[in-house]
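In what follows, every chain begins at residue 1, and chains take the letters A, B, ... in the order their sequences are listed.
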Amino acid sequence: MAIQSKRPDTFYQQHDTLTLAQKLLGSELVHDSPEGRTAGIIVETEAYLWGDPACHAYRRQTTRNAAMFGPPGTLYVYLIYGMYHCVNVVSGAIGIGEAVLIRALEPTEGLDLMRARRQERYLVAGTKSKPLSDKELCSGPAKLVQAMGIRLAEHNFSSLTQGPLFVSSPFSAAAAEIVTTTRIGITQGADLPYRFYVKNNPFVSKR
DNA sequence: TAAGGGATTGCCT
DNA sequence: GGCAATCCCTTAG
């Protein structure tokens, strides 16, 4: 296993949100949990900006979006549709509610643990019997939260620069081609080109 | 205080 | 491809 360097505070401080959303592509998200390590290369992101009607911080700071107003490199985790969670990397200055949504990972480590976490719900429900394929583990914002063992109570407000959940620099600096397009699942600001993904990567949630 | 709705997912037709 | 599931937060009254 190669030595991985944790992205420092300056990585999150020096880039504006749209740039950070692209810089995060190719970086690896790592979680060293008590159950073991899971990790994946970030292959799809979306930016949510100040003054952007789709941004959770668009109106004002509230209890739900408070983490977005923290320092860059903070995690913002929220509940969506009453049953799933999504994770964001907070960006922009303190007091400015901007963030980058992590939408998909290419799994690199701990795939069995990911599978176990993802299938837990099905095993309980007893509906799904077939093991999930590698592509089904992290190809969506709520999927990767499950697979990585990210939880609202534990990780909202936590920092990516200190602690067991962090972003590492890529192993190879091979510049992948980035596709820029519109964001998924939103109604407001649907025409803004704030979604980025690695071209031709099969682990991206949607083409 | 009440009611609407969402940065999704997976099952069903 | 369409749609239900399922909560809590936010906004309106």
Side-chain angles (χ1 to χ4, degrees), chain A residues 17-18 20-22 24-25 29 40 42-70 72 74-92 96-105 107 114-157 160 179-198 202-207:
Chain A
T17 301
L18 286 173
L20 184 66
Q22 294 166 82
L24 281 169
L25 296 177
L29 182 66
I42 299 170
V43 296
E44 179 182 352
T45 60
E46 284 178 1
Y48 288 86
L49 305 189
W50 192 241
D52 160 16
C55 181
H56 284 178
Y58 178 56
R59 296 172 185 277
R60 61 195 172 90
Q61 183 171 332
T62 64
T63 50
R64 178 174 77 146
N65 67 27
M68 293 184 75
F69 293 82
T74 300
L75 286 173
Y76 166 50
V77 185
Y78 69 93
L79 173 70
I80 185 68
Y81 297 118
M83 50 174 60
Y84 298 111
H85 296 277
C86 297
V87 64
N88 296 252
V89 178
V90 173
S91 56
I96 302 296
E98 301 196 343
V100 176
L101 171 70
I102 309 297
R103 281 196 58 91
L105 304 176
M114 289 183 178
R115 231 179 301 277
R117 285 169 172 159
R118 288 271 291 124
Q119 290 193 133
E120 203 169 349
R121 51 179 304 201
Y122 304 115
L123 295 176
V124 171
T127 55
K128 194 153 186 167
S129 54
K130 283 177 291 189
L132 293 171
S133 70
D134 291 359
K135 269 202 283 194
E136 292 174 295
L137 296 177
C138 297
S139 57
K143 295 178 184 177
L144 70 91
V145 163
Q146 282 183 351
M148 293 292 289
I150 296 170
R151 287 185 292 280
L152 177 64
E154 187 175 348
H155 298 107
N156 195 29
F157 292 104
L160 283 172
V179 177
T180 302
T181 182
T182 54
R183 295 172 292 186
I184 299 208
I186 57 170
T187 51
Q188 310 250 358
D191 54 331
L192 296 170
Y194 291 171
R195 174 169 175 249
F196 307 97
Y197 64 86
V198 176
F203 296 90
V204 166
S205 67
K206 295 179 182 177
R207 298 302 182 92

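- Put simply, NZ on K206(A) is 11 Å from C1' on dA7(B), counting in whole angstrom units.
- For dT6(C) and dC12(B), the P atoms lie 14 Å apart once the distance is rounded to whole Å.
- As judged by a 4.0 angstrom heavy-atom cut-off over every strand, R183(A) is placed among residues making no nucleic acid contact.
- With sequence neighbours left out, A54(A) forms a side-chain contact (heavy atoms from CB on, under 4.5 Å) with Y48(A), D52(A), R183(A), I186(A).
- Side chain of R59(A), nearest nucleotide from dT11(C), dT8(B), dG10(B): dT11(C).
- Using a cutoff of 4.0 Å between basic side-chain nitrogens and carboxylate oxygens, E136(A) and K143(A) are not scored as salt-bridged.
- Between R64(A) and dT11(C) there is no side-chain N or O to OP1 or OP2 distance below 4.0 Å.
- Applying the ring pair (Phe, Tyr, Trp, His ring centres under 6.0 Å) rule to pairs touching residues 133-157 of chain A yields H31(A)-H155(A), sequence neighbours excluded.
- The side chain of M68(A) lies closest to dA7(B) when the candidates are dT9(B), dT11(C), dA7(B).
- With sequence neighbours excluded, the residues forming a side chain to side chain donor-acceptor pair (under 3.5 Å) with N65(A) are T62(A), listed by chain and number.
- Within 4.0 Å (heavy atoms only), R60(A) reaches sugar-phosphate atoms of the nucleic acid but no base atom.
- With sequence neighbours left out, V198(A) forms a side-chain contact (heavy atoms from CB on, under 4.5 Å) with L25(A), V43(A), A176(A), N201(A).
- The side-chain contact (heavy atoms from CB on, under 4.5 Å) search around T63(A) returns none, not counting sequence neighbours.
- For the side chain to side chain donor-acceptor pair (under 3.5 Å) test, residues two or more places apart in sequence or in another chain that qualify with R151(A) are E154(A).
- With sequence neighbours left out, T182(A) forms a side-chain contact (heavy atoms from CB on, under 4.5 Å) with no residue at all.
- The two residues R115(A) and S133(A) come nearest to each other via the heavy atoms NH1-C, 3.8 Å.
- Side-chain N/O atoms of Q146(A) and R117(A) include no donor and acceptor closer than 3.5 Å.
- Pairing analysis of DNA chain B (Watson-Crick: purine N1 to pyrimidine N3 plus N6-O4 or O6-N4; G-U wobble: N1-O2 and O6-N3; both under 3.5 Å) yields stems of 3 or more pairs at B:1-6 with C:7-12, B:8-12 with C:1-5.
- In this structure, E98(A) atom CD and dA7(B) atom P are separated by 17 Å, rounded to whole Å.
- For the P atoms, the distance from dA7(B) to dG1(C) is 23 Å, rounded to whole Å.
- Rounding to whole angstrom units, CG of residue N65(A) and P of dA7(B) are separated by 12 Å.
- Comparing T187(A) and A142(A) by the nucleotide of DNA chain B that holds the closest heavy atom to each, the one mapping nearer the 5' end is T187(A).
- Computed from coordinates, the N156(A) CG to dA7(B) P distance equals 16 Å when rounded to whole Å.
- At the heavy-atom level, A54(A) lies under 4.0 Å from base atoms of the strands shown.
- Between the OH atom of Y78(A) and the P atom of dG5(B) there is a distance of 18 Å, rounded to whole Å.
- In this structure, K143(A) places its NZ atom 13 Å from C1' of dC11(B), rounding to the nearest Å.
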Quiz prompt | nucleotides 1-7 of chain C: protein proximity per nucleotide (B base, S sugar-phosphate only, - neither; heavy atom, under 4.0 Å) | solution = ----BBB
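- A straight line from CD of Q188(A) to P of dG5(B) spans 12 Å, rounded to a whole angstrom.
- The interatomic distance linking E136(A) (CD) with dC11(B) (P) rounds to 9 Å, in whole Å.
- For the OP1/OP2 pair of dA7(B) and a distance below 4.0 Å, the side-chain nitrogens and oxygens of R195(A) include no atom meeting the criterion.
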